[in-house]
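Worksheet for the structure shown next.
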Amino acid sequence: MILRIKSQFIEIFNITLKSNKRSMGSQITSKLVFQNHGPPASVVKLVDEPITPLRPDEVLVKMLAAPINPADINTIEGVYPSELKLPAVPGFEGVGKVVNVGDNIKELKPNDHVVPLKETLGTWRTYAKFPGHLLLKVPKDLGIVQAATLIINPCTAYRMLKDFANLKPGDVIIQNGANSAVGQNVIQIAKRMGLKTVNVVRDRPEIVDLKCTLKNLGAHTVLTEEEVKKTDIFKKSLPKPKLALNCVGGQNALEILKTLQEGCTMVTYGGMSRKPVIAPTSALIFKDVHVKGFWVTSWNKQMFKSKKWLQMYNDLINMMLKKELKVPSHNFIHFKGYKEALEKAVDSKGYQKKFILNFD
Ligand SMILES: NC(=O)c1ccc[n+]([C@@H]2O[C@H](COP(=O)([O-])OP(=O)(O)OC[C@H]3O[C@@H](n4cnc5c(N)ncnc54)[C@H](OP(=O)(O)O)[C@@H]3O)[C@@H](O)[C@H]2O)c1
């Protein structure tokens, strides 16, 4: 009797499973796609297409949120070294909810929250099928924006603070673009490491408010690009920085490089001003200042799922859950309003909050 009920149950379960998988063929995903490189608001189009059946190693994910990062803009423009083949769905990162899993996927189940781990998977779509091994399960109590913006900016900030200088509590670091998402992560992670941050930002009418916001996050000092040229804080109140982080380039990178201690490093990770990095000959010869670059995509590829990699995600997620790592202010925008968001995201005058696409 018990056996019969059990076999009936298994049969019903199998029929449900099969019909679930079959029915995916009639589900539709709406995705943003670009066929050619060019100005993002012109080349990105919205396309609907049926979702094909899941393969055994795949996971069907309903996307919840995905940011528009400078790297996404540069990828669509065709000025970013990406492995994407066109036509392509943009979106380096995001968070989604598992809808269904292929037969070989054991570690994930429906309703789990997951973060795609490879920048070429394309997150700007309502539903996506991702290879299971390229998804990271994240706690559901991690905020949607924290999860959607986990794998690029917090990781970049974390690695630059860990890998380029032997920093100890009380040491000073300097960074430009300090109001960027990476910059705000640097401020908060550095504070947790006991470091003092000197933060350079562009001047603006609301500079007093911005200084106050960054200090509330843990910034020691905030200077405008003009103020850093004339500052005497490194003569009077602070030791010279042991590390400089540059995402701007041009004159501003030169100014922060000049403040470094002998033998220390400036790491360039972005070029928001689109101007080259210039290093004074004397700093290279007489101060042995090092000029290096960092690219989180390359680090992730080399260290994927290593002990260091797992430790980093563990640390960052814990900091986020403890509210020690807050996300920068942002604007949610429905993904169908992508044209407006893309137009604003390329506006080099800036002072923009980061756009986060939502898909409901
Ligand atoms: N190498 C890597 O692995 C890696 C990883 C992540 C990010 N990045 C790069 O890091 C940079 C920041 O990314 P994000 O996502 O943190 O940026 P974000 O939050 O979108 O903010 C962009 C920042 O750039 C500043 N900015 C824009 N144009 C500028 C200019 N002409 N001069 C000075 N500052 C300017 C803005 O300053 P305002 O506040 O004054 O508007 C803003 O703070 C980008 O270049 C990005 O590509 C690199």
Side-chain angles (χ1 to χ4, degrees), residues 40 66-77 79-82 90-94 119 145 148-164 175-189 199-207 209-211 213-214 217 219 222-228 245-256 266-277 292-303 312 316 325-331 341-342 344-357:
I68 299 180
N69 284 317
D72 297 315
I73 298 294
N74 295 157
T75 300
I76 300 165
E77 290 171 336
V79 294
Y80 199 83
S82 162
F92 272 31
E93 60 176 348
E119 76 290 350
V145 181
T149 57
L150 170 69
I151 69 156
I152 298 185
N153 294 330
C155 297
T156 302
Y158 184 99
R159 292 270 49 107
M160 292 193 299
L161 289 169
K162 300 274 179 190
D163 296 346
F164 291 91
Q175 65 164 341
N176 59 22
N179 186 38
S180 65
V182 176
Q184 293 194 25
N185 278 286
V186 164
I187 292 171
Q188 297 172 85
I189 299 169
N199 299 279
V200 182
V201 294
R202 291 193 285 185
D203 203 356
R204 68 199 70 211
E206 316 78 32
I207 188 67
D209 292 345
L210 178 61
K211 286 188 175 188
T213 304
L214 298 184
L217 285 180
V222 185
L223 302 170
T224 64
E225 293 184 332
E226 279 311 304
E227 286 168 344
V228 75
L245 304 177
N246 163 47
C247 72
V248 174
Q251 184 64 30
N252 192 253
L254 177 61
E255 295 301 334
I256 67 167
M266 179 171 85
V267 183
T268 291
Y269 67 97
M272 291 307 296
S273 72
R274 306 201 177 204
K275 297 202 177 109
V277 172
K292 293 189 177 169
F294 176 74
W295 191 25
V296 75
T297 303
S298 160
W299 189 89
N300 265 320
K301 215 187 234 173
Q302 286 169 36
M303 304 301 284
M312 173 180 74
L316 289 171
L325 192 54
K326 297 186 188 121
V327 285
S329 47
H330 48 271
N331 282 324
L342 290 173
K344 289 189 174 157
V346 293
D347 178 1
S348 66
K349 284 197 285 302
Y351 317 138
Q352 281 297 335
K353 291 180 185 169
K354 197 177 275 297
F355 282 104
I356 310 280
L357 302 172

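Note that ligands are numbered from 1 as they come in the structure, with each ligand's atoms numbered from 1 the same way. This structure is a prediction, so every number in the text was calculated from the model and none was measured.
The backbone N or O of G249 sits less than 3.5 Å from a side-chain atom of N246, completing a donor-acceptor pair. Within the 3.5 Å criterion, the main-chain N or O of Q175 finds no donor-acceptor partner in the side chain of N199. Remark: side-chain polar atoms of S273 are paired, donor with acceptor, to backbone N or O of V248 under 3.5 angstrom. Checked by atom type and distance alone, the side chain of Q188 pairs as donor or acceptor with a backbone atom of K326 at under 3.5 Å. Under a 3.5 Å cut-off, the side chain of N185 and the backbone N or O of C155 do not form any donor-acceptor pair.
Taking the charged nitrogens against the carboxylate oxygens, K354 and E93 have no contact shorter than 4.0 Å, which rules out a salt bridge.
Closest heavy-atom approach to atom 47 (O) of ligand 1 within the set P67, G271, P70: this belongs to P70. Heavy-atom proximity to atom 21 (O) of ligand 1, evaluated over S273, S180, P328, is greatest for S180. Of the candidates R202, M160, H330, E119, the one placing a heavy atom closest to atom 32 (N) of ligand 1 is R202.
In this structure, Q184 does not count as a contact residue of ligand 1, since none of its heavy atoms falls inside 4.0 Å of the ligand. The closest approach between any non-hydrogen atom of V201 and ligand 1 is not below 4.0 Å. Ligand 1 lies less than 4.0 angstrom from a heavy atom belonging to R204.
In terms of N/O distances under 3.5 Å, ligand 1 is not approached by A71. Between N153 and ligand 1, at least one pair of N/O atoms sits closer than 3.5 Å. On a distance-only criterion, K354 and ligand 1 share at least one N/O pair closer than 3.5 Å. No N or O atom of G177 sits closer than 3.5 Å to an N or O atom of ligand 1.
Side chains of I189 and L316 form a contact here, defined as non-hydrogen atoms less than 4.5 Å apart. Residues W299 and M312 are in side-chain contact: their nearest non-hydrogen atoms beyond the backbone lie under 4.5 Å apart. Put simply, the side chain of E119 does not reach to within 4.5 Å of the side chain of N300, judged on heavy atoms. With contacts defined as side-chain heavy-atom distances shorter than 4.5 Å, the pair L210/R204 qualifies.
Under 4.0 Å from ligand 1, not a single heavy atom of N176 appears. The proximity of V296 to ligand 1, defined as any non-hydrogen pair under 4.0 Å, involves the side chain as well as the backbone. When non-hydrogen atoms are compared, ligand 1 lies under 4.0 Å from the side chain of E225 (C-beta onward) but not from its backbone. Under 4.0 Å from ligand 1, heavy atoms of V182 appear from its side chain as well as its backbone.
Annotation for ligand 1: atoms under 4.0 Å from non-hydrogen atoms of N179 are 39 (O), 43 (O). Interface of F294 with ligand 1, defined as ligand atoms under 4.0 Å from a residue heavy atom, comprises 1 (N), 2 (C), 3 (O). Below 4.0 Å from some heavy atom of I152 lie the following atoms of ligand 1, by number and element: 5 (C), 6 (C). Listed by number with element, the atoms of ligand 1 under 4.0 angstrom from any heavy atom of V248 are 32 (N), 33 (C), 34 (N). Contact atoms of ligand 1 toward G270: 45 (O) (distance under 4.0 Å to a heavy atom of the residue).
Remark: of the listed residues D72, T75, I76, T75 is the sole one forming a side chain to side chain contact (heavy atoms under 4.5 Å, CB included) with S82.
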Given ring-ring contact (aromatic ring centres under 6.0 Å, His included), test Y269 with F164 step by step and report yes or no. CA-CA 12 Å; Y269 67 97; F164 291 91; over 10 Å; no
